[in-house]
**Student:** 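One structure, pasted below without further comment.
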Amino acid sequence: MENKEILKQEFLKVSPLYQRLSINITESLRFLLKENNISFLDVYSRVKEFDSFFDKIDRKQYKKPFDQIEDICGLRIVCYYPSDILLIKQIIDKEFIIVNSEDKLDSLEPDKFGYRSHHFVVKLRNGWLNVPNYRGLGGCKAEIQVRTILMHAWADISHKLSYKKKEHVPELFQRNLFQLSALFEIADDRFDMLRAERENYRNSMINNGLFNLDQELNLDSLQAFLDFHFPDRVKQTHGTIDLLDELMKYNISLEDLNESYNKVKKLIPKFEMEIFLEDNIERDVNEDEHRWYQSGIIRHILELTNDHYWEDRCEEFKDVPNSQIELIQAQRERVKKNNS
């Protein structure tokens, strides 16, 4: 008991360092993932409580627990696709000193089920230690786990069932668990394949620098169209979904959309500037740059070229000052004159 109390006092001294490490690495990982365009569910973190720390010492019979226990600070990145794990590993390798790493799948025999995750024990590089938030944390290690959302689900469910090894499972349930484990792995692989096929599908719409308009209108073909014509504008998935519903409502095809765009593309930069001088029409815009998002610029193109769409938009703009409605109406007239 005396040793436990001494350990507790030592633990309480270093715990604030690990709390600071946890907060700062979490924010840094989120930033790095976004910077590298890697979608992720979240980055989770925790610092061990003393009781958990002591239990591990007792189980493992550690003699130098502060050196041997490497997950006092633990972080978990939950991403969507297995192929992103390699990209995340490259980020971790670049930004941190990797003390050791382990792919839990490597420890499973081909016919076994079990926990799948990638673990990295890391320390901070010297460059990080010059930043105020990281000063004094050079001696601290953190464990970063990386897994897909399906790996995460399997880990949570199997933890709830308390089955960590085949030997722990009643024979009656083993077959079902083997099947479930295989389904989770297959689903992970299929989602990866689906993403690759989707990207190939979008890329196939562009041939010799031209967009192939002979496509059915769907979320992927619309996003490919937007990316082709407006690659420098902000895209939002929910904005594209809402726009797709509007196009379907008005029976507007990709060919129709392209024809409308060609009518106004030379006028759009000037029209956009005029609209933003009026300032307060609610539409999809990038407030920092005062430019429309991808979905926003398409909506304005339709306002200028599609009479039915414009009539309905006028109904939505009931609370918008008349001067702004008149401006768009004047732009519509200029479009008609320019294309007469």
Side-chain angles (χ1 to χ4, degrees), residues 21-48 70-125 128 140-161 163-166 177-203 220 237:
L21 184 70
S22 173
I23 291 168
N24 287 300
I25 292 184
T26 300
E27 291 306 311
S28 294
L29 286 173
R30 286 174 179 156
F31 174 83
L32 290 165
L33 292 169
K34 290 175 183 176
E35 184 181 52
N36 287 274
N37 297 314
I38 298 174
S39 298
F40 62 99
L41 177 65
D42 205 350
V43 178
Y44 303 95
S45 63
R46 63 101 185 99
V47 173
K48 275 188 181 295
E70 299 178 312
D71 65 342
I72 296 176
C73 172
L75 304 104
R76 180 176 298 145
I77 300 171
V78 181
C79 60
Y80 292 100
Y81 303 100
S83 56
D84 283 339
I85 291 176
L86 177 60
L87 301 177
I88 295 170
K89 179 188 182 302
Q90 291 170 351
I91 292 171
I92 293 172
D93 191 41
K94 177 183 175 183
E95 300 292 341
F96 300 90
I97 299 170
I98 298 180
V99 178
N100 59 67
S101 64
E102 180 183 10
D103 180 354
K104 293 294 184 178
L105 186 60
D106 291 342
S107 62
L108 292 176
E109 295 177 26
D111 64 340
K112 298 295 189 293
F113 73 87
Y115 173 74
R116 294 182 298 137
S117 187
H118 296 249
H119 291 198
F120 305 88
V121 175
V122 304
K123 294 179 70 174
L124 298 173
R125 292 191 179 276
W128 289 53
C140 299
K141 288 181 282 189
E143 182 185 73
I144 303 174
Q145 299 178 3
V146 185
R147 60 176 68 158
T148 66
I149 194 168
L150 291 181
M151 293 176 187
H152 188 55
W154 171 262
D156 274 8
I157 294 169
S158 58
H159 178 74
K160 186 73 174 175
L161 293 171
Y163 295 146
K164 292 190 175 181
K165 297 178 182 178
K166 175 186 173 183
L177 278 170
F178 279 134
Q179 290 175 332
L180 284 170
S181 178
L183 285 173
F184 273 82
E185 287 196 48
I186 290 169
D188 249 345
D189 291 340
R190 291 295 184 271
F191 278 124
D192 234 354
M193 289 172 58
L194 181 60
R195 179 171 69 162
E197 289 170 1
R198 185 186 198 188
E199 191 63 29
N200 290 336
Y201 171 62
R202 289 183 178 181
N203 292 336
D220 291 308
T237 300

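None of the values given here were measured: they were computed from a predicted structure. Positions are given from 1, in the same order as the sequence printed here.
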**Student:** Please report the interatomic distance CD(Glu70) to CD(Glu143), rounded to the nearest 0.5 Å.
**Tutor:**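 Going from CD on Glu70 over to CD on Glu143, the span is 8.0 Å.
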
**Student:** With sequence neighbours left out, write down each residue that passes side chain to side chain donor-acceptor pair (under 3.5 Å) with Ser28, or none if nothing qualifies.
**Tutor:** Tyr134

**Student:** Once rounded to the nearest 0.5 Å, what's the spacing between atom CZ of Phe184 and atom CD1 of Ile186?
**Tutor:**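 The CZ atom of Phe184 sits 12.0 Å away from the CD1 atom of Ile186.
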
**Student:** Check whether any side-chain heavy atom of Tyr80 lies under 4.5 Å from a side-chain heavy atom of Thr148, and answer yes or no.
**Tutor:** no

**Student:** List the steps and the verdict of side-chain contact (heavy atoms from CB on, under 4.5 Å) for Val146 and Lys89.
**Tutor:** CA-CA 8 Å; Val146 185; Lys89 179 188 182 302; over 6 Å; no

**Student:** So do Trp128 and Asn24 actually touch side chain to side chain, heavy atoms under 4.5 Å?
**Tutor:** no

**Student:** Roughly how far, to the nearest 0.5 Å, is CG of Leu32 from CD of Glu27?
**Tutor:** 11.0 Å

**Student:** Does any non-hydrogen side-chain atom of Arg30 lie less than 4.5 Å from one of Leu33?
**Tutor:**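 No. Closest side-chain heavy atoms not under 4.5 Å.
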
**Student:** To the nearest 0.5 Å, tell me how far Ile38 CD1 sits from Ile85 CD1.
**Tutor:** 11.0 Å

**Student:** What is the ring orientation for His152 with Tyr44, classed by angle as parallel under 30°, tilted 30 to 60°, or perpendicular over 60°?
**Tutor:** parallel

**Student:** Residues two or more places apart in sequence or in another chain: which of them pass side-chain contact (heavy atoms from CB on, under 4.5 Å) with Leu180?
**Tutor:**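 So Leu180 forms a side-chain contact (heavy atoms from CB on, under 4.5 Å) with Trp154.
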
**Student:** Once salt bridge (Lys or Arg N to Asp or Glu O under 4.0 Å) is applied, do any residues pair with Asp93, and if so which ones, sequence neighbours excluded?
**Tutor:**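 By the salt bridge (Lys or Arg N to Asp or Glu O under 4.0 Å) rule, Asp93 matches no residue at all.
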
**Student:** Give me the atom names and distance for the closest heavy-atom approach of Leu75 to Ser22.
**Tutor:**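 Shortest heavy-atom contact: CD2-O, 4.0 Å.
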
**Student:** Less than 4.5 Å apart, side chain to side chain, heavy atoms only: is that true for Ile88 and Ile144?
**Tutor:** no

**Student:** Are Arg195 and Glu197 close enough that some pair of their side-chain heavy atoms sits under 4.5 Å apart?
**Tutor:** no

**Student:** Heavy atoms only: give me the nearest Ser117-Gln145 pair and the separation to one decimal.
**Tutor:**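 Looks like OG-CB, 4.0 Å.
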
**Student:** Is the shortest heavy-atom distance from the side chain of Asp71 to the side chain of Arg46 under 4.5 Å?
**Tutor:**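 Asp71 vs Arg46: side chains touch.
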
**Student:** When rounded to the nearest 0.5 angstrom, what distance separates CZ in Phe96 from NZ in Lys123?
**Tutor:**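 Nearest 0.5 Å value for the CZ-NZ distance: 13.5 Å.
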
**Student:** Taking C-beta and beyond as the side chain, do Ile72 and Leu21 meet within less than 4.5 Å on heavy atoms?
**Tutor:**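 They are not in side-chain contact.
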
**Student:** Whether the side chain of Arg76 engages the backbone of Arg147 through a donor-acceptor N/O pair (distance < 3.5 Å, no angle test) should be reported.
**Tutor:**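 No, because the side chain of Arg76 does not come within donor-acceptor range (under 3.5 Å) of the backbone of Arg147.
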
**Student:** With side chains defined as the heavy atoms from C-beta onward, is the minimum distance between Ile91 and Asn36 less than 4.5 Å?
**Tutor:**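 Yes, side chains in contact.
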
